[in-house]
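Read through the structure below, which is laid out as structure tokens, and then see the notes.
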2 protein chains.
Amino acid sequence: MPVQKFHKKVGLVDDHQLFRKGIAELVNSFPQFYVSFEASHGEELQKMLSPLNLPHLIIMDVNMPNMDGFKTMLWLKEHFPDIPVLALSMMDDEQSIVRMLKSGVKGYLLKDAHPSELLNAMNTISDNGFYYTDFVTGRLINSLNENDSSKKQHQQLTEREIQFLCLCCSEYSYKEIADKLYISPRTADGYRDKLFEKLNIKSRVGLVLFAIRNGLFKL
Amino acid sequence: MPVQKFHKKVGLVDDHQLFRKGIAELVNSFPQFYVSFEASHGEELQKMLSPLNLPHLIIMDVNMPNMDGFKTMLWLKEHFPDIPVLALSMMDDEQSIVRMLKSGVKGYLLKDAHPSELLNAMNTISDNGFYYTDFVTGRLINSLNENDSSKKQHQQLTEREIQFLCLCCSEYSYKEIADKLYISPRTADGYRDKLFEKLNIKSRVGLVLFAIRNGLFKL
DNA sequence: TTTTGAACAGGTGTTTTCACGGTATTTTTT
DNA sequence: AAAAAATACCGTGAAAACACCTGTTCAAAA
């Protein structure tokens, strides 16, 4: 693949080889772009990003091993802030989207987008610097209106409450949890009641679901 | 794309358009194959499969909306048992793999496989009828040795137990769950005790974690 | 035809969870 | 220095969860 004038270099970062190669074929089929390098995760990207041959655009998966999309974005923002990144993800949940937008991606496409939308996004990012679909902006706006309820909530949880919450995601009784935290069972009850109040939850199962949904407890 | 002799027709089924188009490009880049049709899920496949123009091979995603890979396989086995199916999945867990193998797929590739392995798999399936990697057969053999513990456990759950289990993943009390299932609270207790016994679990939180980890309850 | 198993229901008692009421100490913020 | 927030703790009583039994009905499998 020769380097041609007016053809913009694209870097691909995705751990799924088949998907990556597929996208590569697709990108190369667009006359104005070509894939200049591929990496399977953030660490590999770090090694491949030579200042002498930077891509004009990076297309990156969000969920990757070793170094995920979010961490990779933080690194890119520090070292190569001028390279726009288009995030590709299967996650359509608010958390993932908002997280990536905050980290500075210039576009966020779902993996079931139409190829023409990919091309459109790539062109728009090249020309205007960003490409946000209504879907994505909708999610973002939605997240802004949730300050009072779900979002602020688990940000104002204290360290100790989070520890307690994570231990609730187990078959331990509150008494056993208290043992593990070196507190009295009554105190554990206190944390539970406090969490119930803060999160507007009424049962331990509710705590478990909250912890999992908000990534405080990994399965 | 003209129909050429010796060029084998391939059908693609995957709900992620970008991935599908990518794979399509890839398949079309192999001289001995070309994509004759694409569908985004099982239902669409049913409509597109004309007996007058059957593909020689179907490449199918496992996780799809409407009609997933497993259901689609059941239908294919009944109506077009002679078309070999190559499963593509991101799931590398034993459950998914064994389930698909049992349903009769002729190959199972992870989406992070190398494109050359895809080509290899397609060729091998065409020539020999099947292509199973060591990874896949390993998982299969492993699953045979797990009859007693993890595998049999959640496959021998009855429909009613699964319903009950899903309702446990909420803030409903067992009494309220009983109401929703139109059974007496005692019966609900019975289901709980039965599940505890079958799954070797001791608390409701354990049930919740089990249900989530095994995909019986979607967050 | 006997047996197995799913679905359903009840009894009894213990343990855990939850709701509601508090207090005291320390750290952080203002 | 005062206010606020985090940490830790306690009592009571009701409700829910859990353990360990009993049983019937019905349909499918051996």
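These numbers come from the heavy atoms of this one structure, side chains and all, not from hydrogens, waters or symmetry mates. Below, chain A is the first sequence line, B the second, and so on; all start at residue 1.
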When you compare the side chain of [Y] with that of [X], does any pair of heavy atoms fall below 4.5 Å?
X	Y	answer
B:M64	B:T72	yes
A:M73	A:M60	yes
A:L49	A:F37	yes
B:L195	B:L207	yes
A:S89	A:Y108	yes

Would you tell me if any nitrogen or oxygen in the side chain of [X] comes within less than 4.0 Å of OP1 or OP2 on [N]?
X	N	answer
B:T158	C:dG5	no
B:T187	C:dC8	no
A:Y191	D:dA6	no
A:S184	D:dC10	yes
B:R160	C:dA6	no
B:Y182	C:dA7	no

Nearest-nucleotide pick for [X], side chain only, options being [options]:
X	options	answer
B:K175	D:dA16, C:dC8, D:dA8	D:dA16
B:R192	D:dT7, D:dA17, C:dC18	D:dA17
B:Y174	C:dA6, C:dC20, D:dA17	D:dA17
B:S173	D:dA6, C:dT16, D:dA16	D:dA16

Measure [atom1]/[X] against [atom2]/[N] and give the value in whole Å, please.
X	N	atom1	atom2	result
A:F164	C:dC18	CZ	P	9 Å
A:L207	C:dA19	CG	P	10 Å
A:I183	D:dA6	CD1	P	16 Å
B:I162	C:dA7	CD1	P	10 Å
B:F196	C:dT16	CZ	P	13 Å
B:E161	C:dG5	CD	C1'	11 Å
A:D189	C:dG21	CG	C1'	13 Å
A:E159	D:dA5	CD	P	19 Å

- [ ] Using heavy atoms to find the nearest nucleotide of DNA chain C for A:Y172 and A:D193 separately, return the residue whose nucleotide is more 5′.
- [x] A:Y172

Task: Under 3.5 Å donor-acceptor pair, B:R186 side-chain atoms to C:dT12 base atoms - done: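 A donor-acceptor contact between them is present.
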
